[in-house]
Amino acid sequence: MNETNAPDTTNGWQTMLLPVHADEVAPDGSNVRKLVALDRASMAHFRLPPGATSTAVAHHSIEELWYVVGGRGEMWLGTDDGDEIVTLEPGLSIAIPPKVGFQFRTVGVAPLEIVGVSNPPWPGDDEAYEVEGVWPAD
């Protein structure tokens, strides 16, 4: 690890500790800490504070894999063919295909913490577009 916590690529692979502070705010409103990335995928840590609800979004082209690492919450997933609300708890993984709407919120006093992998790598905020969710966003 170097002093800036940028990925160490000395040997061709990458290692990186979770940054202390968020790098940016995602289009859904969660705090993002960027992690390692390759040409075909990127990884990030998302944190939503207690009592918060994200903005409902969908992605134009990327696939995302999410893994809940802390806190508790709920996630709405929806398409024109139907929708579902899933309970989020540590250990749960979710696959979110392109064009599937999703919205999430914390339940309880701890922040909701998720590690996500985007394939291909996250191209920028224009990738996400707002959709109608099931809860009012903060």
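These figures come from a predicted structure and were not determined experimentally.
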**Student:** Stepwise, does the side-chain contact (heavy atoms from CB on, under 4.5 Å) test hold for Val86 with Leu92?
**Tutor:** CA-CA 10 Å; Val86 177; Leu92 181 75; 3.8 Å; yes

**Student:** Which of these, Phe46, Trp66, Trp76, sits in a ring pair (Phe, Tyr, Trp, His ring centres under 6.0 Å) with Phe102?
**Tutor:** Trp66

**Student:** Could you tell me if the side chain of Leu35 sits less than 4.5 Å from the side chain of Pro19, heavy atoms only?
**Tutor:** yes

**Student:** Specify whether His60 and Tyr129 have parallel, tilted or perpendicular ring planes, treating 30° as the upper limit for parallel and 60° as the lower limit for perpendicular.
**Tutor:** tilted

**Student:** For Phe104, does its backbone N or O pair with a side-chain atom of Ser54 as donor and acceptor, under 3.5 Å?
**Tutor:** yes

**Student:** Between CG of Asp23 and NZ of Lys34, what distance do you get to the nearest 0.5 Å?
**Tutor:** 6.0 Å

**Student:** Do Met75 and Trp135 sit in one hydrophobic cluster, given that two such residues count as connected whenever their side-chain heavy atoms are within less than 4.5 Å of each other, even indirectly?
**Tutor:** no

**Student:** Taking all non-hydrogen atoms of both residues into account, name the closest pair between Pro121 and Ser42 and its distance.
**Tutor:** CA-OG, 3.4 Å

**Student:** For the side chain of Thr106 and the backbone of Ala52, is there at least one donor-acceptor N/O pair under 3.5 Å apart?
**Tutor:** yes

**Student:** Do Val36 and Ile114 sit in the same hydrophobic cluster, where Ile, Leu, Val, Met, Phe, Trp and Tyr count as joined when their side-chain heavy atoms come under 4.5 Å apart?
**Tutor:** no

**Student:** First locate atom CG of Leu88, then atom CD of Glu113, and finally report the distance between them rounded to the nearest 0.5 Å.
**Tutor:** 13.0 Å

**Student:** Could you tell me whether the side chain of Glu89 and the main chain of Val68 form a donor-acceptor pair under 3.5 Å?
**Tutor:** no

**Student:** Show the nearest heavy-atom pair for residues Ser118 and Glu64, with the distance to one decimal.
**Tutor:** OG-OE2, 3.0 Å

**Student:** Does any N or O in the side chain of Arg33 come within less than 3.5 Å of the main-chain N or O of His45, such that one atom is a donor and the other an acceptor?
**Tutor:** no

**Student:** Taking atom CD of Glu130 as the centre, does the number of heavy atoms from other residues, nucleotides or ligands within less than 6.0 Å exceed 12?
**Tutor:** no

**Student:** Minimum heavy-atom separation for Gly29 to Leu48, with atom names?
**Tutor:** O-CD1, 4.4 Å

**Student:** For a quick test of reading the model, state the closest non-hydrogen atom pair linking Pro90 to Gly70 and the distance between them.
**Tutor:** CG-CA, 4.0 Å

**Student:** Minimum heavy-atom separation for Met16 and Pro7, please, with both atom names.
**Tutor:** SD-CG, 3.7 Å

**Student:** Kindly say whether Ala137 contributes a backbone atom to a donor-acceptor pair with the side chain of Thr55 at under 3.5 angstrom?
**Tutor:** no

**Student:** Could you give me the CA-CA distance, side-chain angles and deciding distance for Val107 and Thr87, then say whether side-chain contact (heavy atoms from CB on, under 4.5 Å) is met?
**Tutor:** CA-CA 10 Å; Val107 173; Thr87 300; over 6 Å; no

**Student:** Counting only N and O atoms by type, is there a donor-acceptor contact under 3.5 Å from the side chain of Asn31 to the main-chain atoms of Ala22?
**Tutor:** no

**Student:** Over all heavy atoms of both residues, which pair between Ala128 and Val57 is shortest? Give the atoms and the distance, please.
**Tutor:** CB-CB, 4.4 Å

**Student:** What distance separates Glu63 CD from Ile96 CD1, expressed to the nearest 0.5 Å?
**Tutor:** 11.0 Å

**Student:** Please round to the nearest 0.5 Å and tell me the distance separating atom OH of Tyr67 and atom CE of Met43.
**Tutor:** 12.0 Å

**Student:** With a 4.5 Å cut-off on side-chain heavy-atom distances among I, L, V, M, F, W and Y, is there a chain of contacts connecting Leu77 to Val131?
**Tutor:** no

**Student:** Between Gln103 and Thr53, do the side chains contain an N or O donor and an N or O acceptor separated by less than 3.5 Å?
**Tutor:** no

